[in-house]
Amino acid sequence: MDRAELNRRLAVTERIAREAGILARTWFDRRNRLRIETKGPQDLVSEADRAVEVLIRERLAAAFPGERVIGEEGGDDGAGHVAEQGPGGGGGGPVWIVDPIDGTQCFLAGIPSWCVSIGMASESGVQLGVVHDPVVGETFTGGPALGAFCNGRPIRVHEASGFGDGMVEVGVSLRRPLDETLAVLERLLRAGGIYHRSGSGALSLAYVAAGRYIGYYEDHMNTWDSCAGVALVEGAGGWCSDILAGDGLTRGARVIASGQNLAPAMRTLAEGLGAEGLGDAP
Ligand code: IPD
Ligand code: CA
């Protein structure tokens with residue numbers, strides 16, 4: 001897919017994310033009326049998440065008919081699609097990766113730390129991403145071959161080379177042993193760093209792209225939480241672990257992201273925890 005086509009798709013994706021953001025924001029303002037279900041420990045879903053994902057899927061199907069969509073709430077519609085294979089499956093058709101509301105717990109608690117996240121990957125990797133924050137009014141767009149932007153203005157990753165230079169966002173995945181997360185926090189703090197947890201991995205990766213955080217670490221994220229943000233970090237000149245290595249597309253992966261200078265130090269946080277998906281050092 002050439003750059004012109006990627007940019008065309010990015011513009012369409014931005015429009016869809018903004019429309020989804022209007023719907024999500026409407027629900028955010030009357031969240032006390034939402035029906036909420038528990039999917040697992042510290043894992044909630046509401047009718048807002050589902051309605052926003054339905055909207056995004058309808059718009060993607062109209063704009064890109066027949067292309068595969070993986071979403072947090074609606075699952076993987078790959079089976080039966082023309083472009084069923086996608087990354088890691090031997091095919092190569094584009095795959096859309098959607099989180100209608102990332103940061104659901106914050107959303108339901110009334111904390112303005114959530115976003116709409118839509119990414120696209122192909123067999124050559126993550127291609128583009130849009131992370132839209134309708135409360136603050138920021139839309140992050142970009143991709144490895146496209147650059148990265150916040151509300152149309154170019155953004156760059158932080159030039160930090162040590163943990164003392166800023167904040168690292170650490171996501172907590174209850175899908176991995178707690179000891180791994182505790183080990184990472186201990187390593188970061190002992191190395192003079194400090195962590196932050198915003199509750200939205202996708203928005204945090206956009207903040208890494210914008211140089212607000214010097215890095216991001218989470219032991220396991222699903223691709224709907226990571227794809228768009230990884231596209232932004234790479235577009236902003238940063239380094240990310242390979243989230244699509246092996247069966248990462250459908251099973252998720254460890255996610256580490258930062259500017260190029262901090263990448264070697266970020267990688268040390270995961271030492272001994274398994275190297276899957278870490279790729280080559282920059
Ligand atoms: C979660 C958030 C959180 C991250 C978790 C995700 P959700 O997504 O991105 O920051 O640490 O791994 O599951 O459930 O709010 O959509
Ligand atoms: Ca999510």
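Here the structure is a predicted model, which means the values were calculated and not measured.
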Of the non-hydrogen atoms in Val126 and Leu244, which two are nearest, and what is the gap between them?
N-CD1, 3.8 Å
Should the ring pair Trp96 and Phe64 be called parallel, tilted or perpendicular, given that the plane angle runs from 0 to 90° and is split at 30 and 60?
parallel
Rounded to the nearest 0.5 Å, the CG atom of Asp165 sits from the CD1 atom of Ile214 at a distance of 6.0 Å
Determine yes or no for a side-chain-to-main-chain donor-acceptor pair under 3.5 angstrom, with Arg212 supplying the side chain and Met167 the backbone.
no
Is there a path of hydrophobic side-chain contacts, each under 4.5 Å between heavy atoms of I, L, V, M, F, W or Y residues, that connects Phe107 with Val54?
no
Around atom CZ of Arg190, are there more than 12 heavy atoms of other residues, nucleotides or ligands at under 6.0 Å?
no
Gap separating the CD1 atom of Ile97 from the CE atom of Met120, nearest 0.5 angstrom
9.5 Å
Counting distance only, does the side-chain N/O of Asn151 pair as donor-acceptor with the main-chain N or O of Gly137 below 3.5 Å?
yes
What is the minimum heavy-atom distance between Val130 and Ala17, and which atoms define it?
CG1-CB, 3.6 Å
Separation of Ile256 CD1 from Asp242 CG (nearest 0.5 Å)
12.0 Å
Are any non-hydrogen side-chain atoms of Leu232 and Leu205 less than 4.5 angstrom apart?
no
As a quick check of understanding, evaluate salt bridge (charged side-chain N to carboxylate O under 4.0 Å, His left out) for Arg33 and Glu47, giving each step before the final call.
CA-CA 10 Å; Arg33 298 191 214 158; Glu47 57 196 306; over 6 Å; no
Minimum heavy-atom separation for Leu55 to Ala20, with atom names?
CD2-CA, 3.6 Å
Option passing side-chain contact (heavy atoms from CB on, under 4.5 Å) with Arg18 (candidates Thr13, Val116, Thr139)
Thr139
Can you tell me how far apart OH (Tyr216) and OG (Ser241) are? Round to the nearest 0.5 Å.
11.0 Å
Can you confirm if the NZ or CZ of Arg31 lies within 45° of the ring axis of Trp27 and under 6.0 Å from the centre of its six-membered ring?
no
Go through the steps for Ser122 and Gln127 under the test side chain to side chain donor-acceptor pair (under 3.5 Å), then give the verdict.
CA-CA 7 Å; Ser122 73; Gln127 298 292 322; 3.1 Å; yes
Give a yes or no on whether the backbone of Ser46 and the side-chain of Asp49 come within a donor-acceptor separation of less than 3.5 Å.
yes
Test item: side-chain donor near acceptor, Ser204 and Ser198, under 3.5 Å:
yes
Check whether any side-chain N or O of Glu138 sits under 3.5 Å from a backbone N or O of Asp133 as a donor-acceptor pair, and report yes or no.
no
Within the structure provided, determine whether Arg254 and Glu180 are in side-chain contact (heavy-atom separation under 4.5 Å).
yes
Between Phe149 and Phe140, ring centroids under 6.0 Å
no
Is it true that Arg175 and His220 share a donor-acceptor pair across their side chains at a distance under 3.5 Å?
yes
Drop me the distance from Asp77's CG to Arg68's CZ, to the nearest 0.5 angstrom.
8.0 Å
With distance as the sole criterion, is a donor-acceptor pair present between the side chains of Asp247 and Thr250 under 3.5 Å?
no
Value rounded to 0.5 Å, distance of CD in Glu186 from CG in Asp179:
11.0 Å
Arg9 side chain reached by Met1 side chain, heavy atoms, under 4.5 Å
yes
Indicate the atoms forming the closest heavy-atom contact of Val255 with Ser226, along with that distance.
CG2-CB, 3.9 Å
Verify side chain to side chain contact (heavy atoms under 4.5 Å, CB included) between Asp225 and Glu72, making sure each step is shown before the conclusion.
CA-CA 8 Å; Asp225 294 318; Glu72 172 154 20; 4.0 Å; yes
Which is it for Arg267 and Glu271 under the salt bridge (charged side-chain N to carboxylate O under 4.0 Å, His left out) test, yes or no, and what are the steps along the way?
CA-CA 7 Å; Arg267 292 167 61 89; Glu271 265 167 19; over 6 Å; no
Strictly by modelled atom types, are Ser117 and Asp102 linked by a side-chain donor-acceptor pair under 3.5 Å?
no
With the side chain counted from C-beta on, respond yes when Trp114 and Asp99 share a heavy-atom pair under 4.5 Å apart, and no when they do not.
no
Testing the basics here: between Tyr217 and Val168, what is the closest heavy-atom pair and its distance to 0.1 Å?
N-CG1, 4.5 Å
Do Tyr195 and Val172 belong together in a cluster built from hydrophobic side chains that touch within less than 4.5 Å?
no
If you take all heavy atoms of His158 and Gly211, which pair is closest and at what distance?
CD2-O, 3.4 Å
Please check: side-chain N/O of Asp219 versus main-chain N/O of Thr181, any donor-acceptor pairing under 3.5 Å?
yes
Between Arg8 and Glu5, is there a salt bridge with N-O shorter than 4.0 Å?
yes
Say whether Val135 and Ile118 are linked into one hydrophobic cluster, either directly or through other cluster members, by side-chain heavy-atom distances under 4.5 angstrom.
yes
Output field: ring centroids His196/Tyr213 closer than 6.0 Å
yes
Identify whether the distance between the nearest side-chain nitrogen and carboxylate oxygen of Glu19 and Arg59 falls below 4.0 Å.
yes
With sequence neighbours excluded, what pairs up with Trp224 under the ring pair (Phe, Tyr, Trp, His ring centres under 6.0 Å) test?
none
Any side-chain heavy-atom pair of Val98 and Leu60 under 4.5 Å:
yes
Decide whether Leu6 and Ile16 are clustered together by the hydrophobic rule: side chain heavy atoms of Ile, Leu, Val, Met, Phe, Trp, Tyr closer than 4.5 Å, transitively.
yes
Taking atom types as modelled, is there a side-chain donor on Ser173 or Glu218 under 3.5 Å from an acceptor on the other?
no
Are Ile194 and Tyr207 connected in the hydrophobic side-chain network, where two residues link if heavy atoms are under 4.5 Å apart?
yes
